[in-house]
Amino acid sequence: MEILIFAGFLGSGKTTVINRLLRGISERGQTAAIIENEIGDVGIDDVFFEGTGMSVTPLFGGCVCCQITGSLIEAAQRIEDEIKPDWLVVEMTGLALMSNIRQLFAKYGRDGIVVHTISVLDISRWEILNKALYSILVNQLTDADIILMNKTDISPVTPEIEEKIAEISRGALTLELVATQENTELWSKLEALLKIGGQK
Amino acid sequence: MSEHRHSADCGCGCNDHEHSHHNHHEPDCDCPECGESVVDSALKLSRSGELTANGKITAEQLTGRISELLMSVALRLGEDGFVLGHIKAVIKLANSAVSISVTRVGTADTTLLGEYSPSELVGKYSLTVNILSLVNTGVSLDDIIAELFG
């Protein structure tokens with residue numbers, strides 16, 4: 001089992017991206033399980049995963065990167081033992097910090113566990129995120145192995161933005177996408193990036 | 001969002017400036033002046049309810065009405081035309097669901113799930129709303145709840 005951690009600011013499109021990827025995973029004959037983390041007490045994104053046939057473990061009422069940390073590790077280990085999926089997809093809250101998650105698995109996860117960190121970046125809000133929430137932006141990009149630059153139909157990725165992302169992320173692999181549009185190759189493209197060496 | 005900004009020279013007594021305070025939450029932050037995390041000061045609403053329409057409203061009309069309400073919330077919370085957070089809702093109907101997402105003022109993105117039919121007359125439905133905004137302009141949560149859940 002390999003773990004895919006999805007982080008990215010609130011509303012960046014994490015759930016939509018994951019939903020697309022799960023279809024690709026399924027079409028390739030691979031299996032996945034999902035852990036869904038929500039700060040609120042009520043889950044809302046799990047409706048996207050209904051009908052996928054994949055196990056969804058909800059972790060609500062706090063962010064696993066700092067508030068309910070034990071729950072994430074426990075859930076991941078249980079899923080590995082009981083379900084043994086090819087991929088464990090963890091959707092973090094929109095305020096989760098990549099560095100905290102890495103440290104969590106390094107410290108408490110099983111030996112040899114492979115963790116890939118993927119940050120979904122809402123390009124359409126790039127300017128306001130830079131202006132108002134720069135340190136959150138940096139924290140969510142710095143420890144990402146792969147950055148998915150989403151909503152490029154609303155705002156294009158300019159050379160300046162690309163350069164800034166490369167600088168902040170210290171060379172993370174990137175992929176542009178419009179998660180709301182059908183893309184049957186999205187999982188193949190992401191899997192290729194994971195194999196290239198998308199792991200810091 | 002808290003107006004207290006930490007820096008190397010802020011003099012609050014907190015010696016740890018390897019990370020930025022007030023822009024992320026960290027459980028070990030023991031800064032004497034930093035008593036809150038960005039999540040604590042954010043506007044948060046997480047509510048679900050079973051509701052009944054009068055049977056004369058279509059799924060499309062209901063979706064439109066709730067989208068308008070969420071966009072009005074975004075208007076009150078928006079900064080430079082954007083929501084610094086996420087306003088989202090899911091309406092579950094008999095055999096379908098609609099997801100509504102607002103991250104930009106004036107725009108609601110909807111995703112139709114299941115066997116959605118815009119002309120379906122709505123009787124009972126469930127509504128789940130999650131709002132998390134790092135901009136907290138004093139919007140009344142009670143007002144929002146009343147508007148959405150009646």
Side-chain angles (χ1 to χ4, degrees), chain A residues 8-16 19 38-51 60-69 93-100 103-104 122 124-140 142 150-151 153-155 179-180, chain B residues 1 5-6 18-29 37-40 42 44-49 74 78-93 96-105 107 109-111 113-115 126-135:
Chain A
F9 190 63
L10 302 157
S12 61
K14 296 183 293 296
T15 306
T16 308
N19 203 30
E38 186 86 52
I39 289 177
D41 295 325
V42 183
I44 196 168
D45 292 331
D46 48 325
V47 69
F48 283 89
F49 307 130
E50 287 175 10
F60 300 150
C63 183
V64 296
C65 89
C66 67
Q67 293 170 307
I68 50 173
T69 53
T93 74
L95 297 176
L97 304 179
M98 217 48 113
S99 58
N100 283 13
Q103 286 167 26
L104 195 63
D122 178 357
S124 73
R125 287 185 292 172
W126 172 259
E127 296 299 332
I128 190 72
L129 289 175
N130 259 281
K131 177 183 161 190
L133 297 169
Y134 184 70
S135 62
I136 287 184
L137 182 67
V138 167
N139 271 293
Q140 290 184 341
T142 300
N150 190 27
K151 306 191 189 183
D153 55 331
I154 300 170
S155 292
T180 50
Chain B
M1 242 187 328
R5 298 262 183 262
H6 289 259
E18 289 180 357
H19 58 269
S20 296
H21 293 263
H22 289 285
N23 282 324
H24 70 265
H25 55 288
E26 191 159 288
D28 300 327
C29 180
S37 71
V38 69
V39 176
D40 289 339
K44 298 181 289 290
L45 171 65
S46 184
R47 182 67 63 101
S48 190
E79 185 150 315
D80 292 349
F82 294 94
V83 176
L84 280 178
H86 198 185
I87 297 168
K88 53 184 178 178
V90 166
I91 307 167
K92 284 189 180 178
L93 305 170
S96 63
V98 181
S99 166
I100 305 169
S101 170
V102 181
T103 57
R104 291 168 289 148
V105 175
T107 304
D109 299 312
T110 56
T111 304
L113 304 161
E115 298 164 19
S126 76
L127 176 65
T128 303
V129 176
N130 275 7
I131 296 173
L132 205 162
S133 170
L134 302 188
V135 170

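All chains are named by letter (A, B, ...) in the order of the sequence lines, taking the proteins before the strands, and each is independently numbered beginning at 1. Below, each value reflects all heavy atoms present in this structure, side chains not excepted, and no hydrogens, waters or symmetry copies.
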Can a donor-acceptor pair be found, under 3.5 Å and without considering hydrogens, that links the side chain of A:N130 to the backbone of A:W126? yes
Which region of A:E50, side chain (C-beta onward) or backbone (N, CA, C, O), has a non-hydrogen atom less than 4.5 Å from a non-hydrogen atom of chain B, or is it both or neither? side chain
Is a side-chain donor or acceptor of B:R104 paired with a backbone partner of A:R125 at a separation under 3.5 angstrom? no
Does A:K14 pair with A:D45 as a salt bridge, N-O distance under 4.0 Å? no
Heavy-atom proximity to chain A below 4.5 Å, by part of B:T103: both
For the atom pair CG (B:L127) and NZ (B:K92), what is the distance rounded to the nearest 0.5 Å? 11.5 Å
Top contributor to chain B contacts, counting heavy-atom pairs under 4.5 Å, from A:D122, A:I154, A:T16, A:V138: A:I154
At a heavy-atom separation under 4.5 Å, does B:S133 approach chain A through its side chain, its backbone, both, or neither? neither
